[in-house]
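All values derive from a computational prediction rather than experimental measurement.
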Amino acid sequence: MIPYRLRSDAFRRYGETHFDCLVIGGGITGAGILLDATSRGLRTLLIEQQDYAWGTSSRSTKLIHGGLRYLKQLELNLVREVGRERAIVHRNAPHLVHPEELLLPIVEDGSLGKYSTPVGLWLYEKLAGVPAPERFRTLDREETLDAEPLLNEHIVRGGAVYREYRTDDARLTTSILKAAARQGSDAINYARATAILHDETGQATGVEVEDRLSGKKHRIMARCTVNAAGPWCDEVRALEGPVEGKRLQRTKGVHVVFARERFPVNRAVYFDVAGDERMVFAVPRGRCTYFGTTDTVYEGDTGYPQTKTEDVEYLLAAARHMFPDLKLEKDDIESSWAGLRPLIYEPGKDPSELSRKDEIFQAPSGLLSIAGGKLTGYRKMAE
């Protein structure tokens, strides 16, 4: 990356360069594509309409995890891929991706039973290639309550402890962008794609970009244009006309934040929501504990999903059921965040049933779009 003194200098240079690859979207997926393409010797530019990682990539559960619950959906290839990716991402960025032991309580009438839990964890770790010293261990009722005394003693029947990883999702994204820059790539934010450029045969040849700080528009040419805009993926596709074929189903995930002294769990806890198919996390971090997430269909403003009263009530009900002695109330919540998952629409399926697999769409013009996937799997998506 050339350290341009002025944005105008950068845009002038971009306009004079014919890139091999132009990436739209500065989240974890776009950043991964930028690094992968640059490392293969492709002259690559990334544009982002806001801050880097401003969308989904700063609003996750902040975990690099394989998705134990996807075993229920029999998505074994997804579990294998992201399970193995956890260790690779940790190895690549140990300063940002830290081991985190999760407590998985086995509760009365829960979807995880005394015998199914160790079988599920064994399969999960087998698929993920977890080494012996890091494998799960089971706990009886007393050991589970000793590990986390705040659990509801009336419903706990046992538990298990297994390893995942926690991270700072936005910082991980910007670190990947910096790694790409060190290898010679370019990236610029507050630059919004306003049109896909085409040659006389209708093939995509680049993008018209608006500098959102100056209002000026620039034409940037590229042999290949990749749409990695996450929840905005269909908006970018629509720049070429009506979106045909597969499309996105955005679902909203909300997390609420408590002061650690008000929600003083000893470790991260991952458990079933009573009477629901979802599982939620309670994660201690610094002076706070955050709790989530929800999974509901979202149709509003893509950039500014809001935490609604029903989201808060859902999460409080789940927290009160598992941690009844805390008697958590709405006034105990210090803050919240809401993010959107750019999933692939599947008719007749509830949000929690939609696959987290990524898919690549190729338009007749050659425009490539990628959607779906998980934070953990960004490297494979980029590849």
Next on the checklist: According to ring pair (Phe, Tyr, Trp, His ring centres under 6.0 Å), who are the partners of F281, at least two apart in sequence or on a separate chain?
Outcome noted: H65, Y270

Next on the checklist: With salt bridge (Lys or Arg N to Asp or Glu O under 4.0 Å) as the rule and sequence neighbours excluded, what pairs involving residues 218-232 come up?
Outcome noted: D20-R223

Checklist entry - Please, which pairs that meet salt bridge (Lys or Arg N to Asp or Glu O under 4.0 Å) have at least one residue in residues 137-149, sequence neighbours excluded? => result E101-R137

Next on the checklist: Going by side chain to side chain contact (heavy atoms under 4.5 Å, CB included), L46 matches just one of I24, L177, D186. Which one?
Outcome noted: L177

Checklist outcome for this item: salt bridge (Lys or Arg N to Asp or Glu O under 4.0 Å) pairs touching residues 30-51, sequence neighbours excluded, are D36-R40

Checklist entry - Does the side chain to side chain donor-acceptor pair (under 3.5 Å) test come out yes or no for E240 and S365, once each step is laid out? => result CA-CA 9 Å; E240 293 194 308; S365 68; 2.5 Å; yes

Item to check | Set of residues satisfying side chain to side chain donor-acceptor pair (under 3.5 Å) with respect to T138, sequence neighbours excluded | outcome: none

Checklist entry - Strictly by modelled atom types, are R341 and T251 linked by a side-chain donor-acceptor pair under 3.5 Å? => result yes

Checklist entry - Distance-only, no hydrogens or angles: does the D332 side chain make a donor-acceptor pair with backbone N or O of F258 under 3.5 Å? => result no

Next on the checklist: So, using ring pair (Phe, Tyr, Trp, His ring centres under 6.0 Å) as the criterion, who are the partners of H98 when residues are at least two apart?
Outcome noted: none

Item to check | Which residues share a side chain to side chain donor-acceptor pair (under 3.5 Å) with S60, sequence neighbours left out | outcome: D169

Checklist entry - Taking atom CG of L316 and atom CZ of R320, what is their separation to the nearest 0.5 Å? => result 4.5 Å

Checklist entry - Please, which pairs that meet ring pair (Phe, Tyr, Trp, His ring centres under 6.0 Å) have at least one residue in residues 179-225, sequence neighbours excluded? => result F11-H218

Checklist entry - Do R13 and E16 meet the salt-bridge criterion of a basic N to acidic O distance under 4.0 Å? => result no

Next on the checklist: If the condition is side chain to side chain donor-acceptor pair (under 3.5 Å), which residues does E334 pass it with, not counting sequence neighbours?
Outcome noted: R287

Checklist entry - If only atom types and distance count, is the side chain of T38 paired as donor or acceptor with the main-chain N or O of Q183 below 3.5 Å? => result no

Item to check | Partners meeting side chain to side chain donor-acceptor pair (under 3.5 Å) with R84 (sequence neighbours left out) | outcome: none

Next on the checklist: Taking the cut-offs as 6.0 angstrom to the six-membered ring centre and 45 degrees off its axis, would you call R250 and W232 a cation-pi pair?
Outcome noted: no

Item to check | Side-chain (R237) to main-chain (E244) donor-acceptor, under 3.5 angstrom | outcome: yes

Checklist outcome for this item: side chain to side chain contact (heavy atoms under 4.5 Å, CB included) with R86: of V97, I64, L63, only one passes, and it is I64

Checklist entry - Y115: what forms a ring pair (Phe, Tyr, Trp, His ring centres under 6.0 Å) with it, not counting sequence neighbours? => result none

Item to check | Pairs touching residues 312-352 that satisfy ring pair (Phe, Tyr, Trp, His ring centres under 6.0 Å), sequence neighbours left out | outcome: H255-W337, F263-F323, F271-F323, Y290-W337

